[in-house]
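Presented below is the structure to which this report refers.
Order of the sequence lines fixes the chain letters, A, B, ..., with proteins taken first and strands second; residue numbering starts at 1 for each chain.
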Amino acid sequence: MHRIKGIMARELAGHLPVSQTVLEDWLEIPPDSAMGDLALPCFRLAKELRQSPQAIARDIVSRIASSDLLQGAEAIGPYVNMRLRRDYACSLWLQAIEQDDAFFSSGNGAGQTVAIDLSSPNIAKPFGVGHLRSTIIGTAIANLLESDGFTTLRINHIGDWGTQFGKIIVAYHRYGDPERVRANPIQELNSLYVRFHEEEKTSPELEAQGRAAFKRLEDGQPDETALWQWIVDVSLADFNRTYDLLGTKFTAVLGESFYNDKMAAVVDELSAKGLLMLSEGAEVVSLEQVDLPPCLIRKSDGATLYATRDLAAALYRHKVLGADRLTYVVGGEQRLHFKQLFAVLERMGYEFATQCSHVAFGMMTIGGKKMSTRKGHIVRLQDVLDEAISRARSIIAQKSPDLTNAEEVAKAIGVGAVIFNDLKTNRLHDIEFAMDQAVAFDGETGPYVQYTHARACSVLRKAGLLAPGESNPTSVATWSEVLANEWTDKTRGVASGEESLNNKALDDVSTSKAFDDATLDDVSWELAKQVSQFSGVRQRASAEADPSLIAKQVLDICQAFNRFYHDCPILTSEGSTRTLRLALTDATRLTIRASLQLLGIGHPAQL
RNA sequence: GUCUCAGUAGCUCAGUCGGAUAGAGCAACAGCCUUCUAAGCUGUGGGUCGGGGGUUCGAAUCCCUCCUGAGACGCCA
């Protein structure tokens with residue numbers, strides 16, 4: 001309902017003792033489109049007007065009966081149900097889409113920089129489907145923020161430091177085979193780690209050995225450092241293959257080890273600000289005043305902890321990288337940690353602490369259990385992607401044997417299926433991983449959306465508006481001009497500015513034969529309305545850091561388009577009907593395209 | 001034990017800043033390809049919105065309580 005809601009609210013505000021903004025908030029879309037396009041429930045007006053909601057509704061209907069915006073309004077009980085002038089709304093929307101008149105983007109975040117912490121896998125461990133969530137949710141949120149004008153810093157905070165590296169080093173020395181590790185680094189290193197943990201149960205002295213090895217690494221002993229560096233390198237090389245496939249891009253890849261030399265300064269600063277206190281031999285920052293447990297800064301043996309490291313990282317992002325806001329896309333199990341982290345920043349006197357947020361998400365489980373790298377109880381993302389791509393490949397071979405870039409498309413579809421499956425459900429609850437569901441192509445899936453996009457491209461291609469293999473980022477024809485020519489210039493004048501709304505111009509439009517209900521039949525109109533919702537949904541998705549809103553909206557758009565495609569012949573229709581249907585097809589294509597881009601999914605022009 | 005999050009159709013989930021008859025997809029069954037891509041479209045069946053109280057014109061939505069599941073709760077990250 002791009003802009004229309006606001007215009008209608010302004011008109012209603014002229015008749016009621018309520019502001020335009022409030023009315024815009026009250027206006028809703030009726031549950032059944034047979035009831036109308038917009039509805040105003042009148043319950044909340046009853047008190048102030050001292051009338052029954054039903055009477056108020058009847059009164060409002062009589063006042064707006066002659067509205068330029070409406071073809072009709074009726075009171076059904078306490079609701080005012082309004083039927084929009086389809087020609088007016090549709091022209092407005094098509095023009096907005098063509099000119100990106102705040103339809104696909106905004107400037108809300110202009111001049112601001114936000115750092116997004118995403119993905120953050122652990123070195124020497126497999127990149128599981130659990131890490132997928134952070135990577136793709138984080139990417140989608142970054143895309144959304146960019147569409148709002150923010151500058152984004154996408155930061156991959158790699159887990160490359162900690163006592164477990166001592167264990168891996170010991171394990172490598174005990175049973176590692178350099179050749180085998182080189183051939184298959186992650187899997188081999190992880191199985192060494194798993195084996196170490198099993199042996200640790202019967203040989204407790206191993207733990208001390210691990211700690212000692214990590215101490216040598218911290219002290220910069222050349223042997224341990226070289227081995228660690230090698231492990232980091234081979235792991236990153238492996239992760240990068242997955243990132244390439246997913247299309248994930250980072251502004252910076254900064255491991256935990258990057259902050260080793262920045263820890264002392266943090267401790268000093270805390271100390272200088274008088275925030276550190278001794279407790280049970282450790283140094284902590286008390287957070288009693290905000291009702292949180294204390295934040296551990298330094299262990300009793302003097303070593304720092306991950307909270308210290310995260311503080312160093314937060315300050316680095318703010319001071320050095322220039323981030324005004326920090327967003328952490330990390331699993332919900334770390335809620336408390338981030339609350340503490342932000343609270344400490346606040347106590348340190350940093351105003352940007354209020355601009356920090358933790359975007360939490362549920363765990364990915366298998367058989368109802370948490371995935372565990374230690375037990376080797378994990379699904380490798382690479383395996384899931386491979387499976388999805390291979391299924392896509394065989395469907396393409398069967399349905400589109402002539403496709404020239406079949407392999408490229410298979411990748412886009414397979415990866416798109418996996419990403420969309422995760423993004424459409426961005427709730428906090430845990431996700432039970434099921435291969436068949438993750439790589440499904442039917443129903444509410446990524447491939448369904450991609451298929452619909454390709455269908456729209458195909459129509460436009462056959463109309464001579466798109467070149468083979470292409471899906472242009474902008475309108476492929478200047479629809480508003482075409483429409484204006486066919487629907488008289490007055491339509492255009494009205495559509496381009498709500499200020500120019502007046503009865504005369506609209507009367508002229510309504511007498512124009514080029515545009516009537518037969519042209520904008522129910523199915524076409526339903527599609528137009530769904531497409532028009534995109535701008536509002538995009539805004540909300542960005543503000544709430546919730547990509548699933550985009551996924552759900554694009555599914556509704558696809559469903560409306562596929563019905564339209566089925567019921568309304570496009571290429572074989574004539575005159576203004578054909579023009580309008582092509583315009584709707586192009587608007588749909590652009591909106592699906594933008595949605596897929598925001599979600600970080602490919603949009604092939606042909607499947 | 002304390003705190004946080006979740007509980008909606010057989011399955012996976014929307015709807016949760018209170019609004020009209022609680023919606024999709026999958027699975028099942030029945031239809032639709034001489035016509036723009038059938039990865040599609042149409043239809044049928046399927047519900048104590050975890051239980052119980054309360055708040056009001058109105059509750060899946062807000063409050064209280066109980067049940068169930070998951071997670072967090074100081075020297076791991």
Are side-chain N/O atoms of [X] and [Y] paired as donor and acceptor at under 3.5 Å?
X	Y	value
A:Asn260	A:Ser257	no
A:His453	A:Ser471	yes
A:Asp37	A:Trp525	yes
A:Gln553	A:Gln530	yes

Nearest listed nucleotide, side chain of [X], among [options]:
X	options	result
A:Glu444	B:A24, B:U37, B:C36	B:A24
A:Tyr448	B:C13, B:A20, B:G40	B:G40
A:Leu336	B:C36, B:A72, B:A24	B:A72
A:Thr425	B:C13, B:G74, B:C36	B:C13
A:His429	B:A24, B:A6, B:G74	B:A6
A:Tyr565	B:A20, B:C36, B:C75	B:C36
A:Pro30	B:C41, B:A20, B:A72	B:A20
A:Lys552	B:C36, B:G15, B:U12	B:G15
A:Asp442	B:G40, B:A70, B:A20	B:G40
A:Gln334	B:A77, B:C41, B:A38	B:A77

Categorize [X] for me: base, sugar-phosphate, or nothing, with a 4.0 angstrom heavy-atom threshold over every strand shown.
X	answer
A:Leu428	sugar-phosphate
A:Pro31	base
A:Leu571	base
A:Cys568	base
A:Ala46	nothing
A:Gln164	nothing
A:Ile413	base
A:Pro41	nothing
A:Ile158	nothing

So, [X] and [Y], do they make that salt bridge, N to O below 4.0 Å?
X	Y	result
A:Asp522	A:Lys529	no
A:Glu574	A:Arg578	no
A:Arg391	A:Asp436	yes

Considering just the side-chain nitrogens and oxygens of [X], establish if one lies under 4.0 Å of OP1 or OP2 belonging to [N].
X	N	result
A:Arg335	B:C73	no
A:Lys462	B:U37	yes
A:Ser458	B:C36	no
A:Arg309	B:A77	no
A:Gln559	B:C41	no

Taking the [atom1] atom of each, how far is [N] from [M], in whole Å?
N	M	atom1	value
B:G7	B:U61	C1'	14 Å
B:C29	B:G15	P	31 Å
B:U34	B:G47	C1'	44 Å
B:A27	B:C67	P	39 Å
B:U16	B:U8	C1'	11 Å
B:C41	B:G25	C1'	15 Å
B:C5	B:C17	P	14 Å
B:A9	B:G50	P	8 Å

Whole angstrom value for the distance that separates [atom2] of [N] from [atom1] of [X]:
X	N	atom1	atom2	value
A:Lys339	B:G74	NZ	P	15 Å
A:Phe361	B:A70	CZ	C1'	15 Å
A:Tyr306	B:C73	OH	C1'	11 Å
A:Phe338	B:A72	CZ	P	14 Å
A:Gln437	B:A27	CD	C1'	12 Å
A:His566	B:U42	NE2	P	8 Å
A:Met363	B:G71	CE	C1'	6 Å
A:Lys215	B:C76	NZ	C1'	18 Å

Next on the checklist: Taking the cut-offs as 6.0 angstrom to the six-membered ring centre and 45 degrees off its axis, would you call A:Arg455 and A:Tyr565 a cation-pi pair?
Outcome noted: yes
Opposite nucleotide pairing with [N], Watson-Crick or G-U, both atom distances under 3.5 Å:
N	answer
B:U48	none
B:C26	B:G10
B:C73	B:G1
B:G40	B:C32

Item to check | Base B:A20 paired with A:Asn81 side chain (donor-acceptor, <3.5 Å) | outcome: yes
Next on the checklist: Taking atom types as they are modelled, would you say the side chain of A:Thr445 forms a donor-acceptor pair with the base of B:G25 within the 3.5 Å cutoff?
Outcome noted: no
Checklist entry - Between A:Phe43 and A:Tyr451, who's closer to the 5' end of RNA chain B by nearest nucleotide? => result A:Phe43
Next on the checklist: On RNA chain B, does the nearest nucleotide to A:Pro294 precede the nearest nucleotide to A:Asp556 from the 5' side, or the other way round? Give the residue.
Outcome noted: A:Asp556
Item to check | Distance flag, aromatic centroids of A:Phe258 and A:His157, threshold under 6.0 Å | outcome: no
Item to check | Syn-anti status, with the boundary at 90° from 0, for the nucleotide B:C29 | outcome: anti
Checklist entry - Under the side-chain contact (heavy atoms from CB on, under 4.5 Å) criterion, do A:Leu12 and A:Trp26 qualify, and how do the steps go? => result CA-CA 11 Å; A:Leu12 285 164; A:Trp26 285 0; over 6 Å; no
